[in-house]
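Following: one structure in structure tokens, then a few remarks.
Residue numbering restarts at 1 for every chain, and letters A, B, ... go by the order of the sequence lines. The model shown is predicted, which means the values in this text are computed figures rather than measured ones.
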Number of protein chains: 2
Amino acid sequence: MCAASNLARPALASRLRPRKPVAESRFDRRQAEILKHATEVFYEKGYEGASMRDLSRATDTSLAGLYYYFESKERLLYLIQKHTFTTIVERLKERLQGVPDPEQRIRIFILNHLEYFLANQKAMKVLSHEDDALKNGFGQEIAGIKREYYRICVDLLEKFKEAKALEFKSRIAVLSLFGMMNWIYTWHNPRVDANAAELARQMGDIFLRGILAAGPGKAASKKKPGSAN
Amino acid sequence: MCAASNLARPALASRLRPRKPVAESRFDRRQAEILKHATEVFYEKGYEGASMRDLSRATDTSLAGLYYYFESKERLLYLIQKHTFTTIVERLKERLQGVPDPEQRIRIFILNHLEYFLANQKAMKVLSHEDDALKNGFGQEIAGIKREYYRICVDLLEKFKEAKALEFKSRIAVLSLFGMMNWIYTWHNPRVDANAAELARQMGDIFLRGILAAGPGKAASKKKPGSAN
DNA sequence: CTATAATTGGAACGAACGTTCGATAAATCA
DNA sequence: TGATTTATCGAACGTTCGTTCCAATTATAG
């Protein structure tokens, strides 16, 4: 984890913290808690719409206190995005280990994405919705993680395509899949809609059947699902 | 069209405009032009991030001049959203007339959506991205149009489902389809990606095959989705 | 305990925000 | 032409923005 080392200390707290062998210090704990509440506020009001005073109120911290933990509002958003994105990629890699079947791997991708998305819906909306709010330095790093995640999905699809001798445009397919999954932050209601596993199954069915029916050569729209090759 | 009657006049211009039988007055033309430029600014900076001074600069209008044409910043966003959404629904209804085949009707829906989306990409991003920026009064009217549009799509799908004796959750299917289509504002690059007709064909293929393969009864792919956790 | 570092809050900074006002210029019509 | 509406402008209003400074408070170490 080593979360602390990633976080810039404000001037007052910039001295090296000596011997702190335990996992997280008081500083780290409080910082994480502020981030959690800040995520909620960004979720509700958007990045530009949320003021530091909103965050101050929501986190029960004085305005100056916020600047003790975060050097700027932008950095706050950056930390939320980085943590969220890094975690989802980490979990995906763990889950993919030891699973060879191409279709199964795609289903794992979908499940991992939806599960994390729904469990951290607010953070994920902030991630999806404010993905161009960060200026050059910060923005590029997040964009890099995003590109890696996208690459993983493309690779999964192309392995699948190869194994089944299919023909379709990977780029369109991947981006369609992302669209299906990411859009849920606009409509998912936990009291009405199914949970992540069930959604993953349904979306996986639609998507996988959709690309599975695309045999080599023609891509006819009439029902000819049987001819996989 | 009668666009003028929908637009609130500021106090100075609130008197009824007598006999203006021709399509659009000077007022309407200038207002429409400001809206066009404002759409661009909202697209680039977001609603909260764009200031009236940004809009003033982009439209070559003084700050006070803006308030002669629009009574508030919120109203500006409202007019952009309303015009965009109303137009897309109108066009869809026209295109659906006289087409009986359920599959064909869904393909028309997709094509209409993507075509309008790509031709008015900036307005559509503003529409998708700022859909909760409007306060109660304005927001509900836009939400109403959106609900109508959603309903149309559900009906198309259910007719299709009935005709083909399929079984799938319409809600999930519709929202997945919207996700696929709406997400393009985050990635579409006209110099790299296909045009609307081709995209509509590809997405239509993925989506229609996906739901078409869901015959009555079981909806199984051969493997069960691996351990949910 | 005292001394030192970590943490907090109150008050204020200049800048930018959305909006308003009153005066002026341009267009329209008698 | 003069009278009257339509359009545009610069300047300012009060508020809120992100951020900073500094004194006061609390926790930790010697």
Side-chain angles (χ1 to χ4, degrees), chain A residues 4 7-22 24-34 37-38 41-42 45-78 133-135 138, chain B residues 4 7-22 24-34 37-38 41-42 45-78 133-135 138:
Chain A
L7 307 178
R9 293 280 140 65
L12 283 177
S14 63
R15 297 185 131 288
L16 291 173
R17 198 185 319 277
R19 80 216 130 198
K20 215 54 171 186
V22 287
E24 49 176 24
S25 64
R26 185 155 93 95
F27 180 92
D28 295 324
R29 254 179 290 120
R30 183 108 173 81
Q31 188 176 60
E33 195 184 334
I34 293 178
H37 288 118
V41 178
F42 283 148
K45 319 186 83 160
Y47 174 69
E48 300 273 5
S51 71
M52 291 300 273
R53 284 158 183 88
D54 291 331
L55 301 177
S56 160
R57 208 174 306 117
T59 58
D60 249 328
T61 312
S62 71
L63 209 40
L66 284 181
Y67 282 90
Y68 177 72
Y69 287 99
F70 308 94
E71 64 194 15
S72 71
K73 185 186 175 188
E74 190 180 18
R75 175 117 202 158
L76 234 155
L77 176 61
Y78 163 78
L134 293 173
K135 294 296 178 188
F138 290 152
Chain B
L7 308 178
R9 292 283 139 64
L12 284 175
S14 63
R15 296 186 131 286
L16 291 172
R17 199 183 317 278
R19 77 212 134 200
K20 213 56 171 186
V22 288
E24 48 177 23
S25 64
R26 186 155 94 97
F27 182 94
D28 295 324
R29 254 179 290 123
R30 183 107 173 83
Q31 188 176 59
E33 194 183 337
I34 293 178
H37 288 118
V41 177
F42 283 148
K45 319 186 83 160
Y47 174 68
E48 300 273 4
S51 72
M52 291 300 275
R53 284 160 184 86
D54 291 330
L55 301 177
S56 159
R57 209 173 306 117
T59 58
D60 250 328
T61 313
S62 71
L63 206 41
L66 284 181
Y67 282 88
Y68 176 72
Y69 287 97
F70 308 94
E71 65 194 15
S72 72
K73 184 187 175 189
E74 191 181 16
R75 176 115 203 159
L76 234 155
L77 176 61
Y78 163 78
L134 293 173
K135 295 293 177 189
F138 289 152

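Residues forming a side-chain contact (heavy atoms from CB on, under 4.5 Å) with A133(B) (at least two apart in sequence, or on another chain): Y47(B), L77(B), E130(B). Residues that satisfy the side-chain contact (heavy atoms from CB on, under 4.5 Å) test with E48(A), not counting sequence neighbours, are E48(B). The side-chain contact (heavy atoms from CB on, under 4.5 Å) check on S56(B) picks up L63(B), L66(B), with sequence neighbours excluded.
Between the side chain of E74(B) and the main chain of K135(B), a donor-acceptor pair closer than 3.5 Å is present. In this structure, the side chain of K73(A) engages the main chain of A50(A) through a donor-acceptor pair within 3.5 Å.
Taking both residues in full, the closest heavy atoms of G49(A) and D54(A) are given as O-OD2, 3.9 Å, listed atom of the first, atom of the second, then distance. Minimum heavy-atom separation, A58(B) to V41(B): CB-CG2, 3.5 Å.
Contact annotation: S62(A) reaches the phosphate of dG9(C) (side-chain N/O to OP1 or OP2, under 4.0 Å). Note on Y68(A): every side-chain N or O is 4.0 Å or more away from OP1 and OP2 of dT8(C).
Taking the side chain of F27(A) as heavy atoms from C-beta on, and the options dA27(C), dG10(D), dT7(C), the nearest nucleotide is dT7(C).
Note on residues 60-70 of chain A: no pairs pass salt bridge (Lys or Arg N to Asp or Glu O under 4.0 Å), not counting sequence neighbours.
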For this session: Give DNA chain D the dot-bracket treatment, 5' to 3': Watson-Crick (N1-N3 with N6-O4 or O6-N4) or G-U (N1-O2, O6-N3) under 3.5 Å, [ ] crossing, | other strand.
Result: .|.||.||||||||||||||||||||||||
For this session: Heavy atoms under 4.0 Å is the rule here; annotate nucleotides 13-19 of chain C 5' to 3' with B where the base is hit, S where only the sugar-phosphate is, and - elsewhere.
Result: ----BBB
